[in-house]
Amino acid sequence: MSGKVTNIWQKDERIGKVDNGWHELVAVAQWEAKTFTVSFNGEGGTANPTSLTVTYDSEYGTLPTATRTGYSFDGWYTSATGGTKIESTTVVNLTQNTTLHAHWKANKYTVTFEAGTAEISPKTIDETYDSNYVFPTLTERDGYNFLGWYTEDGTKVTVDDKVKITEATTLYAHWSYVVTTSVIGTHGQISGGANVLDGEEFEITLTPEEGYMIAEFEIDGVDKKSLLDGNSYTFDEVTEPHTVTVSYTKIPFALYVIGVDNAEINPTGILNLYYGDSASIFAKANPGYFIKAVKVNGKALDLELPLEDDTVKLENIQENATVTFEIEKEVYEIVEGEDQKYVDGKDLTFKFSGDLELFVKLLLNGEEVDAKLYTKESGSTIITLSNDMLSKLKPGTYTLTAVYENGNTAETTFTVEEIKNPATLDNICLYVGVAVISLIGLAGISLYLKKRFN
């Protein structure tokens, strides 16, 4: 008999005589049920206990419990998949030791999706443990780049990830914000825009061309130039898209030209210029003066003086500058005729370096000389003193000064020598000889006349 074994035979006597005179004897078999070991395979879970002894033709009785993270236990089955479910009331019908397999149902956990102001549908999904995540539909927004769904601790969850949560949870949409940068016009650059993660710092660098500066700097149409740190701007925390624009202009400079006495300077005052500009300044000293130096910010320019076309040319101006001029009075001097000596009957001519057009008067020992007593002509200043004037001067040394309208003077000296008297000792012999000759001549004439008329 299957599942049972014979344990003993027992005589069963029946009283009575059969036809042939024998008594009938019946033997009755006594059976004992076999026991079998049933092992329990948790199939990813844990069974406790892991085995059980059961008796043939009896109920299984209390079966082990089984646990598995993320799953609910669905019972013990004769096969890992499919098979017959074995319960505690199931009658054992085994012929050998066997294994029962746990069947499981994956749990579902509610995931709430938080996307800020973005529209999503649905906002919650019951996710199945050990299955791939299912995500809601999210409406994209201009200026925003959706980066994915993240746990509270910042772990990204994708459709390829298996659900491993064991309780309701929340996933958060992470975004990057589009920061767009552009230059209005030319003459400079701006660092490229980027997709910046929510809350991250982002720096923008502005690079004007040489000679240019930042004219306008705007973020989302609002002037932010005052917030620049030199040529850069930093978003401490980007939380939305931004549009950044910059424009450049030439660097302005002020050229301050200071006028000066005794010269014509034009223009003077402040000249508004830009980086790299040039400027021309007319500079001409008044008669009797000359430009000694032209200085920019106190440093003399290396110029050839006098100025060509009376013009100072400043080129490629790259800073604020002050232009000044040093004007000095010309120093006039005697060029020819210095220290002459007057000889009776001869004019004296003197040449001074001053311009004749500026000549005002002539002084002799500080006294003005009548213009009738001398002549003047160009070639600087050429003065000729007449013999008539000189002959009336007493012997001695005289100072002759040419005076010009700008206050300049030039002077020299000349000497009138004393005319020697015939009675002087050194000429007496000459005069005696002349007298003797004269007397002899007269005596000869008288003798001749007497002889002729007698």
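Since the structure is predicted, the reported quantities are computational estimates derived from the model, not experimental observations.
- For E357, the CD atom sits in a loose shell: 12 or fewer heavy atoms of surrounding residues, nucleotides or ligands are nearer than 6.0 Å.
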Please test V222 against K224 for side chain to side chain contact (heavy atoms under 4.5 Å, CB included), starting from the C-alpha separation and ending with a verdict.
CA-CA 6 Å; V222 179; K224 297 292 184 180; 4.0 Å; yes
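- T415 places no side-chain N or O within donor-acceptor distance of the main-chain N or O of E417, the cut-off being under 3.5 Å.
- With rounding to the nearest 0.5 Å, the separation of CG in L271 from CG in L273 is 5.5 Å.
- Side chain of K361 to main chain of T401: no donor-acceptor pair is present (N/O by atom type, distance under 3.5 Å, no hydrogens or angles).
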Run the side chain to side chain contact (heavy atoms under 4.5 Å, CB included) test on E319 and N297 for me, step by step, so that the C-alpha distance in whole Å, both residues' side-chain angles and the decisive distance to 0.1 Å come before the verdict.
CA-CA 10 Å; E319 61 180 345; N297 292 340; 3.8 Å; yes
Let me have the donor-acceptor pairs involving side chains of residues 301-314, under 3.5 Å, with sequence neighbours excluded, atom names and distances please.
unit_1 : atom_1 : unit_2 : atom_2 : d
T311   : OG1    : D309   : O      : 2.8

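- Around atom CD of E203, more than 12 heavy atoms belonging to other residues, nucleotides or ligands sit under 6.0 Å away.
- Between the side chains of Y56 and N93, at least one donor N or O lies within less than 3.5 Å of an accepting N or O.
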Begin with the C-alpha distance, continue with both residues' side-chain angles, and end with the deciding distance and a verdict on side chain to side chain contact (heavy atoms under 4.5 Å, CB included) for K34 and D57.
CA-CA 9 Å; K34 289 183 179 181; D57 218 16; over 6 Å; no
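- Between Y398 and F414, the ring planes are parallel. Angles under 30° get that label, and only those over 60° would be called perpendicular.
- No donor-acceptor contact under 3.5 angstrom links the side chains of N387 and D347, judged on distance only.
- With respect to the salt-bridge test (charged N to carboxylate O, under 4.0 angstrom), the residues E326 and K295 qualify.
- Taking 4.5 Å as the limit, some side-chain heavy atom of R141 sits within range of a side-chain heavy atom of T117.
- With rounding to the nearest 0.5 angstrom, the CG atom of D198 is 13.5 Å from the OH atom of Y172.
- Using modelled atom types, one finds no donor on one side chain facing an acceptor on the other under 3.5 Å when comparing N406 with Y289.
- Within the 4.5 Å cutoff, no side-chain heavy atoms of V163 are placed close to those of N132.
- The distance from the CG atom of L356 to the NZ atom of K376 is 7.0 Å, given to the nearest 0.5 Å.
- Rounded to the nearest 0.5 angstrom, E333 CD and E338 CD are separated by 9.0 Å.
- In this structure, the side chains of Y233 and I219 come closer than 4.5 Å at one or more pairs of heavy atoms.
- Side chain of D74 to main chain of W104: no donor-acceptor pair is present (N/O by atom type, distance under 3.5 Å, no hydrogens or angles).
- Listed for the T78 side chain is a donor-acceptor partner under 3.5 Å among the backbone atoms of T84.
- Atom OG1 of T409 is separated from atom CG of L363 by 9.0 Å, given to the nearest 0.5 angstrom.
- Applying the side-chain hydrogen bond (donor to acceptor under 3.5 Å, both in side chains) rule to K292 yields the partners E328; only residues at least two apart in sequence or on another chain are considered.
- Nearest approach of E167 to Y109, heavy atoms of both residues: N-CD2, 3.4 Å.
- In this structure, a donor-acceptor pair under 3.5 Å is absent between the side chains of T37 and S51.
- Between K164 and D130, at least one side-chain N (NZ, or NE/NH1/NH2) sits under 4.0 Å from a carboxylate O, which counts as a salt bridge.
- Looking at N408, its side chain does come within 3.5 Å of a backbone N or O of E330 through a donor-acceptor pair.
- A donor atom on one side chain and an acceptor atom on the other are found under 3.5 Å apart for S72 and N107.
- The neighbour count for D229 CG, taken as heavy atoms of other residues, nucleotides or ligands under 6.0 Å away, does not exceed 12.
- For S378 (side chain) and S380 (main-chain N/O), no donor-acceptor pair under 3.5 Å exists by modelled atom type.
- Side-chain contact, D153 with T151: a donor N or O sits under 3.5 Å from an acceptor N or O.
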Is there a side chain to side chain donor-acceptor pair (under 3.5 Å) between T349 and T384? Walk through the geometry before answering.
CA-CA 4 Å; T349 299; T384 300; 3.1 Å; yes
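- Taking the six-membered ring where the residue is Trp, F202 and F235 present parallel rings, their angle staying beneath 30° rather than reaching 60°.
- Separating the OG atom in S232 from the CZ atom in F217 is a distance of 9.0 Å, to the nearest 0.5 Å.
- The backbone N or O of D339 sits nowhere less than 3.5 Å from a side-chain atom of T413 that would complete a donor-acceptor pair.
- Between T181 and G193 the shortest heavy-atom distance is OG1-N, 3.1 Å.
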Go through F146 and W149 one step at a time and tell me if the ring-ring contact (aromatic ring centres under 6.0 Å, His included) criterion holds.
CA-CA 9 Å; F146 177 64; W149 295 101; 5.5 Å; yes
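- For the residue pair E367 and N365, no side-chain donor N or O sits within less than 3.5 Å of a side-chain acceptor on the partner.
- Aromatic ring pairs are classed by plane angle as parallel below 30°, tilted from 30° to 60° and perpendicular above 60°; the pair F352 and F350 is parallel.
- Looking only at side-chain heavy atoms (C-beta outward), H101 and F40 stay at 4.5 Å or farther from each other.
- Within the 4.5 Å cutoff, the side chain of L94 has heavy atoms near those of the Y60 side chain.
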Give every donor-acceptor pair under 3.5 Å between a side-chain atom in residues 244-267 and any protein atom, sequence neighbours left out.
unit_1 : atom_1 : unit_2 : atom_2 : d
S247   : OG     : E216   : N      : 3.3
Y248   : OH     : Q189   : O      : 2.5
Y248   : OH     : T207   : N      : 3.3

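- In terms of heavy-atom proximity, P64 sits nearest to W76 at O-NE1, 3.1 Å.
- In this structure, Y332 and S353 approach most closely via the heavy-atom pair CA-OG, 3.2 Å.
- Listed for the T50 side chain is no donor-acceptor partner under 3.5 Å among the backbone atoms of A47.
- Between Y212 and Y275 there is no side-chain heavy-atom pair separated by less than 4.5 Å.
- Atom CD of E240 sits in a crowded spot, with more than 12 heavy atoms from other residues, nucleotides or ligands closer than 6.0 Å.
- For the residue pair T128 and K108, the shortest heavy atom distance occurs at OG1-NZ, 2.6 Å.
- When all heavy atoms of L348 and Q340 are compared, the pair lying nearest together is CD2-OE1, 3.6 Å.
- A distance-only check finds a donor-acceptor pair linking the side chain of T381 to the backbone of G354 [under 3.5 Å].
- Using bins of under 30°, 30° to 60° and over 60° for the plane-to-plane angle, the ring pair H174/Y150 lands in the parallel bin.
- By the 30° and 60° cut-offs, the orientation of the rings of Y133 relative to F135 is parallel.
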Determine, stepwise, if the pair L393 / L364 fulfils side chain to side chain contact (heavy atoms under 4.5 Å, CB included).
CA-CA 11 Å; L393 297 177; L364 185 64; 4.1 Å; yes
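- Proximity of I125 to P136: side-chain heavy atoms (C-beta onward) are separated by under 4.5 Å at one or more points.
- With hydrogens and angles ignored, the 3.5 Å screen pairs a side-chain donor or acceptor of S386 with a backbone N or O of L373.
- With contacts defined as side-chain heavy-atom distances shorter than 4.5 Å, the pair Y129/T166 qualifies.
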